[in-house]
Amino acid sequence: MADKMRVRFAPSPTGPFHIGGARSALFNWLLAKKDEGCLVLRIEDTDRERSTKESEENIKEALKWLGITWDEGIDVGGEHGPYRQTERLHIYEEYTKKLLASGQAYECFCTDEEIEAERQALKDAGKMPIYQGHCRHLTEEQKEAYRAEGRKPTIRFRVPENQEIIVDDMVRGRVTFDSNGVGDFVIVKSDGIPVYNYAVVIDDATMEITHVIRAEEHLSNTPRQVVLYEALGLPTPRFGHVSLILGKDRTKMSKRHGATSVDQYRKLGYLPEAIVNFLALLGWSPTGEEEILSAEQLIEQFSMDRVAKNPAVFDIDKLNWINAQYMKNADPAMICDLAIPHLVEAGYITEDISAEEKAKLVEFTAAVQDHLSYAAQLTELADLYFNDAFDVTDEEMKEILADETVPAVTSLFAQKMNELEVVDFAAVKAIFKAIGKELKVGGKKVFMPLRIVTTGQMHGPDLAKMIPIIGRERILARMARTLDALK
RNA sequence: GGCGCGUUGGUCAAGCGGUUAAGACACCGCCCUUUCACGGCGGCUACAUGGGUUCGAAUCCCAUACGCGUCACCA
């Protein structure tokens, strides 16, 4: 095709922006970037009950945060606007008139109750619960009678019978459906608002979308759309249905599976590059063996024929690992900023933290950032830095402190610390070395007691790094206090 | 229930008729580090089942099982 590729992302603003939506957006974006095509952002807000302005904002913010930019659509404009479905009602109306005039669509006066009863009866009889066409051939008199009753019609599309509907899918291959299994479906609700399956067709066609990349849950809807493209005489785009993202229990990701919105990950202190990297790997795989890939690399390598058919389970361990890779090279001040709300919430600091305290905290962050999967985890290490009043109750720790070498090690440590002019990493490291040498005890017998006595923990970041950050005063006070308590 | 899609290790996955069935995460072990981590090295574990087609099948076909999606005046 000579024309450039035009793809779109068309979320409905009905809740927090889901991680699955982010992946769909990402795939479209990667494809557009790769082919120097155009990504359109359209808002599908025909569900007026559930659509909110906040959700729309949330989606835009999340996309921007992830670095997914759109070339055309809400906010940025373009030649195919407007880009919000509720602002396009007049466009749909034109097409509806044509369909009605040609008899390809008709008014349906059935009530919810009638439809429901019919559906139930069919189900009970073990048949397909599709609309039986009760209103297919109403006369003008019958319609008038219904109107006089106060019934407001919906508009149904007359689905052609005995047709094989073919969807040539970029990821699934050729999928065929029988038109008899579809049933006349509603295209315009009784309030005059078009239904998703209808609006999406007109929008994609009039926006000249060439490739529709979306989640697999839409595959079963596609025959309806194909049949509409044909009826409207509009060009059908290429489809690509990407499989779903599942939770640990192999069902569609939902609240039960923990954090599911982009926002939640952002707040926990995950980095956008890591999320993008992780999402790209969920359902797509690179040719090479390297899995840590920048957006530029992803764009270069991305292609639809490497998109997997099978659904993928969201693996938080892998996300954590990928994020940790990006965290290592990240600016400690930034990580610290991301962690601060969590430190406040955990009660370690208050929001009005001084510049001096903040600087210390950044130092601390720098010392531990290799240990973090995401910024909020800093709270798990925060005791190290903030808690001067820990108690040693753990039996294993007590045992280590009961060793005969401990008194000598601790007192020599205190002495050497006090003699120090500058307390820095090299100096502390030298002290450890000297203690081991002078007392002829192994590394473990030097480090473990001192670690426990100064931090109340058995594991943690490099002690020689931590001591200068916590400071001589506090370190020695902690040690004295702990030793005292054990007597 | 109808229709549709899927099924390679615990997880993500490569594989497109002939491979010792890649790689990554997790897990385990070893090394490095006089602690802890990081890092390095190594190990563990897989083609859902049953029939075909073929000289040869993880790869092609058909059944079965299981999972998921969809059948709204939601998107």
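Order of the sequence lines fixes the chain letters, A, B, ..., with proteins taken first and strands second; residue numbering starts at 1 for each chain.
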Give every donor-acceptor pair under 3.5 Å between a side-chain atom in residues 429-445 of chain A and any protein atom, sequence neighbours left out.
{"residue": "A/E438", "atom": "OE2", "partner": "A/K416", "partner atom": "NZ", "Å": "2.9"}
{"residue": "A/K445", "atom": "NZ", "partner": "A/D403", "partner atom": "OD1", "Å": "3.0"}

Q: Scan nucleotides 58-64 of chain B nucleotide by nucleotide, 5' to 3', and note B when protein non-hydrogen atoms come under 4.0 Å of the base, S if they reach only the sugar-phosphate, - if neither.
A: -------
(Q) Need to verify one output field. Residue with the more 5' nearest nucleotide on RNA chain B, A/D317 or A/R23? (A) A/R23
**Q.** Sequence-distant partners of A/Y92, ring-ring contact (aromatic ring centres under 6.0 Å, His included), two or more places apart
**A.** none
Q. Taking only residues two or more places apart in sequence or in another chain, which ones pass side-chain hydrogen bond (donor to acceptor under 3.5 Å, both in side chains) with A/K465?
A. none
Q) Is any side-chain N or O of A/R250 closer than 4.0 Å to OP1 or OP2 of B/rU11? A) yes
(Q) Rounded to whole Å, please give me the gap between CG in A/N310 and C1' in B/rC66. (A) 15 Å
Q.
Once side chain to side chain donor-acceptor pair (under 3.5 Å) is applied, what residue pairs with a partner in residues 167-184 of chain A remain, sequence neighbours excluded?
A. A/Y106-A/D184, A/R136-A/D184, A/N162-A/N180, A/D169-A/H241
Q: Taking the side chain as every heavy atom from C-beta outward, state whether A/E44 and A/Y196 have any atom pair closer than 4.5 Å.
A: yes
Q | Test ring-ring contact (aromatic ring centres under 6.0 Å, His included) applied to A/Y95 - qualifying residues, sequence neighbours left out | A | none
(Q) If I take atom CD in residue A/Q120 and atom P in nucleotide B/rG1, what distance separates them, rounded to the nearest angstrom? (A) 15 Å
Q: Using the C1' atoms only, state how far B/rA26 lies from B/rC32, rounded to an integer number of Å.
A: 23 Å
Q: Of all the heavy-atom pairs spanning A/P11 and A/R42, show the shortest one and how long it is.
A: CD-O, 3.2 Å
Q. Are A/R156 and A/Y131 in a cation-pi setup, meaning NZ or CZ lies under 6.0 angstrom from the ring centre and within 45 degrees of the ring axis?
A. yes
Q: Determine, for A/F27 and A/R23, whether the Lys NZ or Arg CZ falls below 6.0 Å from the six-membered ring centre while staying within 45 degrees of the axis.
A: yes
Output one line per pair: protein atom, nucleotide atom from nucleotides 15-17 of chain B, and distance, for all N/O pairs under 3.5 Å.
{"residue": "B/rG15", "atom": "OP1", "partner": "A/R306", "partner atom": "NH1", "Å": "3.0"}

Q | Pairwise 5' ranking along RNA chain B for A/K318 and A/K437, keeping only the more 5' one | A | A/K318
Q: Kindly indicate whether the side chain of A/E291 and the base of B/rG23 share any N or O donor-acceptor pair separated by less than 3.5 Å?
A: yes
Q. Are the side chains of A/I115 and A/C110 in touch, meaning some heavy atoms are under 4.5 Å apart?
A. yes
Q. Can you give one letter per nucleotide of nucleotides 69-75 of chain B, going 5' to 3': B for a protein heavy atom under 4.0 Å from the base, S for sugar-phosphate only, - for none?
A. BSSSBBB
Q: Before accepting this row, confirm whether a basic side-chain N of the pair A/E291/A/K318 lies closer than 4.0 Å to the acidic partner's carboxylate O.
A: yes
Q.
Rounding to an integer number of Å, can you tell me how far A/K309 NZ sits from B/rA14 C1'?
A. 14 Å
Q: Keeping the roles fixed (side chain from A/R478, backbone from A/T454), state whether a donor-acceptor pair exists under 3.5 Å.
A: yes
Q. Hey, are the side chains of A/N310 and A/S243 touching, using non-hydrogen atoms and a 4.5 Å cut-off?
A. no
Q. Touch check for A/G283, heavy atoms < 4.0 angstrom, all strands: base, sugar-phosphate only, or nothing?
A. sugar-phosphate
Q) If you take all heavy atoms of A/L99 and A/L232, which pair is closest and at what distance? A) CD1-CD2, 3.6 Å
Q | Nearest-Å distance for atom pair CG/P, residues A/L293 and B/rC25 | A | 13 Å
Q: Output all residues satisfying ring-ring contact (aromatic ring centres under 6.0 Å, His included) with A/W70, sequence neighbours left out; order by chain, then residue number.
A: none
**Q.** Between B/rA22 and B/rC27 - P atom distance, rounded Å
**A.** 23 Å
Q. Starting at CG of A/L281 and ending at P of B/rA26, how long is that distance when rounded to a whole Å?
A. 14 Å
Q. What does nucleotides 35-49 of chain B look like as a protein-contact string, B for base, S for sugar-phosphate only, - for none, at under 4.0 angstrom between heavy atoms?
A. BBSSS----------
Q | Residue A/F177, side-chain heavy atoms: nucleotide from B/rG4, B/rC12, B/rA26 that is nearest | A | B/rG4
Q: Could you work out the separation of B/rG67 and B/rU8 based on their P atoms and round it to a whole Å?
A: 15 Å
Q. For atom P, what is the distance between B/rG56 and B/rG39, given to the nearest Å?
A. 48 Å
Q.
Taking the C1' atom in each of B/rA37 and B/rU70, what is the distance between them to the nearest angstrom?
A. 49 Å
Q: Walk me through it: do A/Q297 and A/S294 pass the test side-chain hydrogen bond (donor to acceptor under 3.5 Å, both in side chains)?
A: CA-CA 5 Å; A/Q297 292 171 306; A/S294 67; 3.2 Å; yes
Q) Which value, in whole Å, describes the distance between the C1' atoms of nucleotides B/rC60 and B/rG18? A) 15 Å
Q. Between atom CZ in A/F432 and atom P in B/rU34, what is the gap in whole Å?
A. 13 Å
Q | Spacing between A/E289 atom CD and B/rA22 atom P, to the nearest angstrom | A | 11 Å
Q: Indicate yes or no: at least one non-hydrogen side-chain atom of A/L378 is less than 4.5 angstrom from one of A/L372.
A: yes
Q | Contiguous pairing runs of three or more, Watson-Crick or G-U under 3.5 Å, that involve RNA chain B | A | B:1-7 with B:65-71, B:10-12 with B:23-25, B:27-31 with B:39-43, B:48-52 with B:60-64
**Q.** Span that lies between the C1' atom of B/rG17 and that of B/rA58, in whole angstrom
**A.** 11 Å
Q | Separation between the C1' atoms of B/rC66 and B/rC30, rounded to whole Å | A | 41 Å
Please list every donor-acceptor pair under 3.5 Å in which a side-chain atom of residues 321-328 of chain A meets a protein atom from a residue at least two apart or in another chain.
{"residue": "A/N323", "atom": "OD1", "partner": "A/L271", "partner atom": "N", "Å": "2.9"}
{"residue": "A/N323", "atom": "ND2", "partner": "A/S373", "partner atom": "O", "Å": "2.6"}
{"residue": "A/Q325", "atom": "NE2", "partner": "A/W321", "partner atom": "O", "Å": "3.4"}
{"residue": "A/Y326", "atom": "OH", "partner": "A/N277", "partner atom": "OD1", "Å": "2.6"}
{"residue": "A/Y326", "atom": "OH", "partner": "A/L293", "partner atom": "O", "Å": "3.1"}

Q. Within this structure, what is the CD1-to-C1' distance between A/I322 and B/rU11, rounded to whole angstrom?
A. 12 Å
